[in-house]
There are 2 protein chains.
Amino acid sequence: MTPLSDTDSTETERGGGHVDESVAADARSKSRPTMRHVATLAGVGVKTVSRVINGEPNVSAATIERVLKAARSLDYEPDLHAGNLRRADGRTRTLGLLVGSVDNPFAGAVHRAVEDAALARGVAVFASSLDDDPEREQAAVSAFLRRRVDGLILTTVSENQAYLAPELRRGTPVVFVDRQPAGVTSDSVVSDNTAGAALATRHLIEQGHRRLAYLGDRHDIRTAQERRRGFLDELGRAGIATGDAPLIEGLHDEETSRRATLALFDGENPPTAIFGAQNLVTIGVIRALRELGRQLDTALVGFDDVPLGDLLEPGVTVVAQDPHAIGRIAAERVFARLDGDDSPAERTIVPTRLLQRGSGELLPRVDAR
Amino acid sequence: MTPLSDTDSTETERGGGHVDESVAADARSKSRPTMRHVATLAGVGVKTVSRVINGEPNVSAATIERVLKAARSLDYEPDLHAGNLRRADGRTRTLGLLVGSVDNPFAGAVHRAVEDAALARGVAVFASSLDDDPEREQAAVSAFLRRRVDGLILTTVSENQAYLAPELRRGTPVVFVDRQPAGVTSDSVVSDNTAGAALATRHLIEQGHRRLAYLGDRHDIRTAQERRRGFLDELGRAGIATGDAPLIEGLHDEETSRRATLALFDGENPPTAIFGAQNLVTIGVIRALRELGRQLDTALVGFDDVPLGDLLEPGVTVVAQDPHAIGRIAAERVFARLDGDDSPAERTIVPTRLLQRGSGELLPRVDAR
DNA sequence: CCTAACGCTGACATCGTTGTCAATTGGGCA
DNA sequence: TGCCCAATTGACAACGATGTCAGCGTTAGG
């Protein structure tokens, strides 16, 4: 109530000292200072404070000085969102990032790259975890949009992303990472899943393996489908009957993968080589092979790198993705779109690399065939 | 310009069909729908839309229906920040999290725990990386505050956090994680660094080691100081001359740590046991020991767990922190403060656990004493 | 000396939403 | 029938900032 009396800025003329005091008291109080507080303390209009805070021209050096001093003394921080409401460009300088899980190393690297690109432009990043839950996906996107992010970088899992169509029409840049969108057209940045999986599979076949098993994520995840296809295609090219190859899907963490691997070796005629189609799956396989004492006797290639994979015994051979590049490119596309690039949606495919570290170079057991 | 004519809501009376059409056209256009658009389309006042969107009582079922239908057809998402400007509680339902680096596994686990707690309350999380750079710390905090986050969870590195005093006075909850604040009083959640380091050191001494080396982070980081103290205290308790023990500080990533370890073994009378005071440091040590072929010949205990540490050969013995608990407790404290808890600032110490996996149980080489 | 131009400044409307408050409606009860 | 009360609804101001614009004083040019 009382602070509102400051509105009468003519008071500044008479007894400036008195006003200063009450403003200073405000600074000590629990209320957050606004531009009006700064303006009153500096003895200028709010618009002038706005000009100084935003570095606009046509303010005298002396006034700038007074305003900055007042702002500092009140510990003033401008309210970005209030400004945004009125500002012409309507930018919140905020970005929404949705990844598999913020504590997955792949996601961490993507996140870090996005953050680096964003920081350079003074943009803050909201990060959320998807947990492969379609409801979570939509809730996260909605939470981002309500906060009026300037752009979205999304890993998705729901059937299709048609719900984003209106937002895309409004011009909000959306870049899909790791997984491609369905039902809408927009930029995406993905690894070459099919080729990478084929590369891994070919590598195993080249070591002489004929009994290969595929262990992968949920079949309704498009990325998983592509990796599976790469695996099967390559078997086909090598003339290996794909019907025989154990295909185990629906794995989503170390534990389910570990159990599936144990079960695999519990059956008859276990594989001599395994393709782990995702980092957590690969780790689960490694654990199981250790338990069975077969880590030097069963070949393994993983898709996506595994932390400290080079220090294990044997080293884990993987088809490594480049999550840092994926994040960087995704962020660059968002910013390019924000800067007005309206070229057609583009799909950027980031190449994968085979890292031979030992586990993928193991030869088939002699007893097997 | 034309959209502004909607303001005249009396138009709804005459030719409702015409208005509907123009609103529908708006939906297809690039402009983002506001409550006024929804209100016009539904034929009600904006305040009624506000009531429906916020689930306030005293709206007839029929009206609710009409408003929701209009909102859906326009793909309306409320502007949280505009609402916030006016809303009494002034909450943005947003939180700022500052961690060492979002791609560090420790930080990832903290982040995930914070996110889980926040999600349950409909709160979104800004995440930033500190990179042990004091300027970055302050820039990140300022970015958070300009966006009016409801609370802060911070890992800090600057000399002191006195710059936060005005914000704390205004009642913004701030919880420090991993490192304690200096110059201000506020909640903090940390591991028991001194005790954990002492535990690690004692364990090595119990295996008979007398020549122990400490490899750690920058000495100006308080957490690093505490771990160093725990190490030295324990040497003292065991009657080992602390002056002789190699103390290598200023390490901040795998590479610097690896080189420091190599140098250590290049000198004369290398240690028989090493304490790696941080996860990246520990990894660097492991790499160096591998290169030297001394991984089975030099004991190692790390502070903070290492990914797949149990799968290495030898397994990496560590004093594990509980980053998930740290994040969860920190988030809970923020929310408790927001809910009005004004008890004195509290320091929560999360216990550490010694995980014996092999590397810490190696005995001293016979040639060394 | 007059006028135009420029630099500097603040009053005011406005952004999208919610708090306040008053107006309207309909139903129940005397 | 008449009155009161509760439920429903919308007009309006306000939140903290910026865009627009007009007004001031000074200086330069004719």
Atom pairs, protein N/O to nucleotides 24-26 of chain C N/O, distance under 3.5 Å:
none

Partners meeting ring-ring contact (aromatic ring centres under 6.0 Å, His included) with A:Phe126 (sequence neighbours left out): B:Phe126
With sequence neighbours left out, write down each residue that passes salt bridge (Lys or Arg N to Asp or Glu O under 4.0 Å) with [X], or none if nothing qualifies.
X	answer
A:Arg121	A:Asp339
B:Arg148	A:Asp79
B:Arg112	A:Asp131, B:Asp116
B:Arg328	B:Glu332

Whether [X] contacts [N] is assessed here as follows: a side-chain N or O lying under 4.0 Å from the phosphate OP1 or OP2. Is that the case?
X	N	answer
A:Thr48	C:dC8	no
B:Asn58	D:dA7	no
A:Thr63	C:dT9	yes

Could you list the residues that satisfy side chain to side chain donor-acceptor pair (under 3.5 Å) with [X], not counting sequence neighbours?
X	value
B:His81	A:His81
A:Thr156	none
B:Thr185	none

Using five base pairs at each end to define the local axes, how bent is the helix from C:dC1-D:dG30 to C:dA30-D:dT1, to the nearest 10°? 50°
Please write out the pairs of protein N or O atoms and N or O atoms of nucleotides 16-22 of chain D separated by less than 3.5 Å, giving the distance to one decimal.
from   : atom 1 : to      : atom 2 : distance (Å)
D:dG16 : N2     : A:Ala82 : O      : 3.0
D:dA17 : OP1    : A:Tyr76 : OH     : 2.6
D:dA17 : OP1    : A:Asp79 : N      : 3.0
D:dA17 : OP2    : A:Met35 : N      : 2.5
D:dT18 : OP1    : A:Asn54 : OD1    : 3.2
D:dT18 : OP1    : A:Asn54 : ND2    : 2.6
D:dT18 : OP2    : A:Ser50 : OG     : 2.4
D:dT18 : OP2    : A:Asn54 : ND2    : 3.4
D:dT18 : O2     : A:Arg86 : NE     : 3.4
D:dG19 : N7     : A:Lys47 : NZ     : 3.0

Basic-acidic side-chain contact under 4.0 Å: B:Asp150, B:Arg93: no
My understanding is that only residues two or more places apart in sequence, or in another chain, count here; which of them pass side-chain contact (heavy atoms from CB on, under 4.5 Å) with B:Pro78? A:Arg146, B:Ile53, B:Tyr76
Over how many whole Å does the gap from B:Arg66 atom CZ to D:dT9 atom C1' extend? 11 Å
